[in-house]
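Letters A, B, ... mirror the listed sequences (proteins, then strands); counts begin at 1.
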Amino acid sequence: MLDLTALNPPQRQAVSHTEGPLLILAGAGSGKTRVITYRLAHLLLNKKVPAQHLLAVTFTNKAAQEMQERLKHLAGPAAQKATISTFHSLGVRILRQQAAAAGYRRNFVIYDQHDQLTLVREIVKDRALDFAGHTAFELLGRISSAKNQGESPETFANKPNAEEMLFGDLYAHYLERTRNCNAIDFDDILLLVTNLLEQHPEVRRHYQERYRYLMVDEYQDTNSLQYRFITLLLGEHRNLCVVGDDDQAIYSWRGANPEILLRFEEHFPGARLVKLEQNYRSTQVILHAANAVIKNNRRRKAKELWSALSGGARLRILTAENENEEAEKVAGTITMRKLLDPKVRFSDFAVLVRTNFQLRPLEEAARNANLPYQLIGGTSFYERPEIRTLIAYLKVMRNPDDELSLKRALDFPKRGIGATTLLRLHQYCQQHNYNLYRAFQEAQQVGEVRSAALHAIQTFVHLIEDFRRRFRHEKLSQATQELVAQTAYLKALEEATADAKSREVKVSNVREFLGSLQRFEQTSEDPTLAGFLDRVSLISDSDYLNEKVDRAIFLTMHAAKGLEFPYVFLFGMNDGQFPSSRALESGAIEEERRLCYVAITRAQRELTLSYSTRKTRYKEVLELQPSRFIQEIPAAVLENGGTESPEQAAQRAAEEQEDLVTMLRRLRENNFKV
DNA sequence: CGTTAGAGGATTTTT
DNA sequence: TCCTCTAACG
Ligand SMILES: Nc1ncnc2c1ncn2[C@@H]1O[C@H](COP(=O)(O)OP(=O)(O)OP(=O)(O)O)[C@@H](O)[C@H]1O
């Protein structure tokens, strides 16, 4: 039997209420995720539901993995068979099983944003579309929202506006080319899986039969396709439990719609509502600050949230002349805190930023201060160009119709095939309605290709064919190692990289990649090429978080969603940065404020806010004001706020910091000998 | 014809 | 600052 005494009464109610629709609406740190985990364990142990009938959807793979571990801890190895996954991972899994019904070949590949952008640029160029001033990035955003709203290219073709028609052209070709490549993008995952379930009752029944208890975490950030997905999976039993907090809706820019959470009782009549009001994470001081900030939002469902953790340190404010100094002070404060109290771990500290590029000054400051850190976000390992190219080879191994990857593989190492030859081959494709790989295979039939180029293409095709065979018969890591050797990949990398430092980095990245393949083979349930490619496509920055290593964590506020840390720093608390100037211009201030609420409520014990008075961007110097969110925090919870104005407190804190930083510098110059 | 060096522009947040 | 596109070189 699972012991439910580790839960408070409403939590227990939510866990025991297993049948029918259930909505858990509650503020930050009230144990929503914990309830889902216990609910899974309760269903397994007390209700004897077989694990394969359980489905829990989380926001990131990392959260899924963590829940899986907690569940295993509570319920033992039987938990392994429960499905805990993100919407996208679940979607891909279903699509692999049902590819034909979904209208794709089973070896489809997944295009990430980088691939999508390349494709958009290519189409714009090929078709000489003139989107005056609009970037590929913006166009891709429009494609994505068109897809999510179910708009077909034809709807644009018939619009009177010339630009709309142009977009219709781009959109139509984007769809055609991804399909011809047997490739799907992130939007397609949800689009295809919902269409599949809608149009194939027997498939739908199969999954409804399989998943009998459904749970969704972070339901406030669900979009309409995800909502459709979950309702399609939901059988007649209607055993759906969702948890969420409308104050933590921070993805509306990506199509998420918090109304889906708020209208749950309308969507599922007879739903039970449970509210959780005790926060177990933060001190009263921190919670008071968070509540005060979020109260400024007008569109929200007011809710109670209290903490029994009385008192607690008041919030500190650090100010600096510029971003680098700000980062230096943050790094210095962490180092100092750790020196003063060696029991504290580096990994107890998290620095949250609004945008990825704010991570850079932090990284540099941490390096200079000898502060161990891990970055979440920025460019992840698999995004590095030398790794992307290798992955392009792997994608071609799996699916030679993937033109984008084929071209990327063809392009490096250099083999004497350039734009002109490629153009000829493309023309040949269009004449015969072939795909690019077929044109490669028949290169000798294509006129006007120089003999050197022809020979190079044939060698390339042989390479691909040979390795496609090897990848079918050999272990993934083995075959990839051979591929790297055969293409003299490392040598080519070295020759192509002028800078000695980055040359070294690239080579070691490739070695690391080969190592990661071996680790993948040893640990994965599906240690195949397909399994690896899916994992790489679905992995996200937050999945890299490693709580076992003792390092301070630098990450975006978005990536911090659902996490908690004893000591939290909010970096760059300036108007224009946070709230971002874009949000201020477009009137999206409430979502920024929710983000601030999320950020503040990550802190368990201490919270520090930092801001600069100036910053440089693209060589221009900008004067900065402290964030309006700082003004929204009552002076009483700011350090010395009772006697000083926030400005005075900031001033004094700045002076103290000055001393600390100077001291630290001296210490460092002295090689840390006192 | 293919490759490379350097100018010029940009992405807020991400599954 | 990183990344893509262009122009000149070999
Ligand atoms: N009944 C309880 N007793 C003790 N600790 C609890 C209890 N419920 C939750 N906690 C603790 O409170 C913290 C927050 O829980 P959890 O992450 O589940 O909250 P949440 O509502 O999902 O938070 P958020 O919405 O901010 O992501 C965790 O450390 C958890 O272990």
Side-chain angles (χ1 to χ4, degrees), chain A residues 57-64 85-92 110 112-114 117-118 121-122 124-125 133-138 140-141 144 148 185-190 218 221-223 225-226 250-256 352-361 363-364 376-380 383-385 388 410-424 448-453 456 495-498 502 537-543 555-561 572 576-586 588 591-592 594-595 598-599 616-619:
Chain A
V57 177
T58 58
F59 203 72
T60 62
N61 297 297
K62 172 80 197 162
S85 153
T86 63
F87 277 115
H88 287 87
S89 298
L90 179 65
V92 168
I110 300 166
D112 65 12
Q113 190 186 48
H114 191 279
L117 282 170
T118 310
R121 285 192 196 104
E122 242 178 54
V124 167
K125 205 168 167 189
H134 289 290
T135 63
F137 197 85
E138 288 171 272
L140 186 58
S144 175
N148 279 296
D185 64 24
F186 265 91
D187 298 312
D188 289 328
I189 295 174
L190 299 174
E218 309 280 12
D221 278 319
T222 301
N223 68 29
L225 277 174
Q226 292 166 332
I250 55 175
Y251 283 95
S252 72
W253 51 273
R254 194 174 84 175
L352 276 54
V353 298
R354 176 66 242 267
T355 61
N356 277 303
F357 50 70
Q358 291 174 299
L359 293 170
R360 188 157 287 281
E363 188 177 13
E364 198 176 312
I376 309 298
T379 35
S380 77
E383 302 272 297
R384 310 214 168 133
R388 284 197 80 87
L410 182 74
D411 195 52
F412 188 87
K414 294 287 173 200
R415 18 174 85 77
I417 300 163
T420 314
T421 304
L422 214 50
L423 185 70
R424 299 266 141 75
E448 300 181 67
V449 174
R450 297 180 317 142
S451 72
E495 282 167 7
T497 316
S502 61
S537 300
L538 294 168
I539 207 162
S540 73
D541 291 326
S542 12
D543 302 333
L555 75 180
T556 64
M557 295 171 178
H558 282 87
K561 166 166 155 158
Q577 295 194 96
F578 187 45
S580 78
S581 45
R582 287 239 192 160
L584 289 172
E585 284 157 25
S586 65
E591 179 145 316
E592 292 286 287
R594 290 194 293 270
L595 187 57
V598 170
T616 51
R617 192 183 170 183
Y618 305 137
K619 285 203 168 171

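If you take CG of A/D188 and C1' of B/dT15, they are 14 Å apart, rounded to a whole angstrom. A/E364 has its CD atom 11 Å from the P atom of C/dC2, to the nearest Å. For the pair A/L117 CG and B/dT14 C1', the interatomic distance rounds to 13 Å; values are reported in whole Å. Regarding A/L190, its CG atom lies at a distance of 8 Å from the C1' atom of B/dT15, rounded to whole Å. Note: CG (A/L555) to P (B/dT14) measures 9 Å, nearest angstrom. One can place CG of A/L352 at 13 Å from C1' of B/dT13, the figure rounded to the nearest angstrom. In this structure, A/F357 places its CZ atom 10 Å from C1' of C/dT1, rounding to the nearest Å. Atom CG of A/L423 and atom P of B/dG2 are 10 Å apart (whole Å).
No engagement by A/R594 is indicated, since no non-hydrogen atom pair under 4.0 Å with the nucleic acid exists. A/T421 comes within contact range of the sugar-phosphate backbone alone, with a heavy-atom separation under 4.0 Å but no base atom that close. Looking at heavy-atom distances under 4.0 Å, A/N356 makes contact with sugar-phosphate atoms alone, never a base. If you check every strand for non-hydrogen atoms under 4.0 Å, A/S581 touches nothing. Contact annotation for A/I417: backbone-only contact, meaning every heavy-atom pair under 4.0 Å involves sugar-phosphate atoms and none involves a base. Backbone-only engagement by A/T355 is indicated by non-hydrogen atom pairs under 4.0 Å involving sugar-phosphate atoms exclusively. Among the atoms of the strands shown, none is found under 4.0 Å from any heavy atom of A/F87. Across all strands shown, A/E591 has no heavy atoms under 4.0 Å from either base or sugar-phosphate atoms.
Between the side chain of A/R582 and the base of B/dT12, no donor-acceptor pair under 3.5 Å is found.
The shortest heavy-atom contact between A/Q577 and A/G572 is CB-O, 3.7 Å. Pairing each heavy atom of A/S89 with each of A/N61, the nearest pair is OG-OD1, 3.0 Å.
Regarding contacts with the backbone of B/dT14, a side-chain N or O of A/T556 is found under 4.0 angstrom from either OP1 or OP2. Close to B/dT11, at under 4.0 Å from its OP1 or OP2, lies a side-chain N or O of A/T135. Close to B/dT15, at under 4.0 Å from its OP1 or OP2, lies a side-chain N or O of A/S540.
Of the candidate nucleotides B/dT15, B/dT14, B/dT12, B/dT15 has the atom lying nearest to any side-chain atom of A/T86. Side-chain proximity of A/H88 to B/dT15, B/dT14, B/dT12: nearest is B/dT15. The listed nucleotides are B/dT14, B/dC1, B/dT12; the one nearest the side chain of A/R254 is B/dT14. Listed nucleotides B/dT14, C/dC2, B/dC1 differ in distance to A/R360; the shortest reach to its side chain belongs to C/dC2.
Residues passing the side chain to side chain contact (heavy atoms under 4.5 Å, CB included) test with A/F186, sequence neighbours excluded: A/H88, A/I189, A/L538.
With contacts defined as side-chain heavy-atom distances shorter than 4.5 Å, the pair A/H134/A/V124 does not qualify. You'll find the side chain of A/R354 reaches within 4.5 Å of the side chain of A/L595, heavy atoms only.
Ring orientation note: the planes of A/H558 and A/Y251 are nearly perpendicular, at an angle over 60° on the 30°/60° scale.
Here A/F186 lies parallel enough and close enough to stack on the base of B/dT15, with planes under 30° and ring centres under 5.5 Å apart. Stacking is found between A/W253 and the pyrimidine-like six-membered ring of the B/dT13 base under the 5.5 Å centre-distance and 30° plane-angle cut-offs. A stacked arrangement is assigned to A/F137 and the six-membered base ring of B/dT11, with a centre-to-centre distance below 5.5 Å and an interplanar angle below 30°.
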Could you list all N or O pairs between the protein and nucleotides 4-7 of chain B that sit under 3.5 Å apart?
none

Could you pull out the protein-nucleic contacts involving nucleotides 3-8 of chain C (nitrogen or oxygen on both sides, under 3.5 Å)?
| unit_1 | atom_1 | unit_2 | atom_2 | d |
| --- | --- | --- | --- | --- |
| C/dT4 | OP1 | A/H114 | NE2 | 3.3 |

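Heavy-atom distances to DNA chain B give each of A/D541 and A/G416 a nearest nucleotide, and the one nearer the 5′ end belongs to A/G416. When each of A/T420 and A/F59 is assigned the nucleotide of DNA chain B with its nearest heavy atom, A/T420 is the one assigned upstream, toward the 5' end.
With hydrogens and angles ignored, the 3.5 Å screen pairs a side-chain donor or acceptor of A/Q226 with a backbone N or O of A/N223. A donor-acceptor pair is defined here as one N or O able to donate and one able to accept, closer than 3.5 Å; such a pair exists between the side chain of A/Q358 and the backbone of A/T355.
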Self-check item: Chi angles and distances behind the side chain to side chain contact (heavy atoms under 4.5 Å, CB included) call for A/V598, A/M557
Solution: CA-CA 8 Å; A/V598 170; A/M557 295 171 178; over 6 Å; no
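Taking 4.0 Å as the cut-off between side-chain N and carboxylate O, A/E591 and A/R594 count as a salt-bridged pair.
Annotation: the span from A/S540 atom OG to A/D112 atom CG amounts to 12.5 Å, rounded to 0.5 Å.
Just one residue in the list A/L555, A/T60, A/D221, A/T556 forms a side chain to side chain contact (heavy atoms under 4.5 Å, CB included) with A/K561, and that residue is A/D221.
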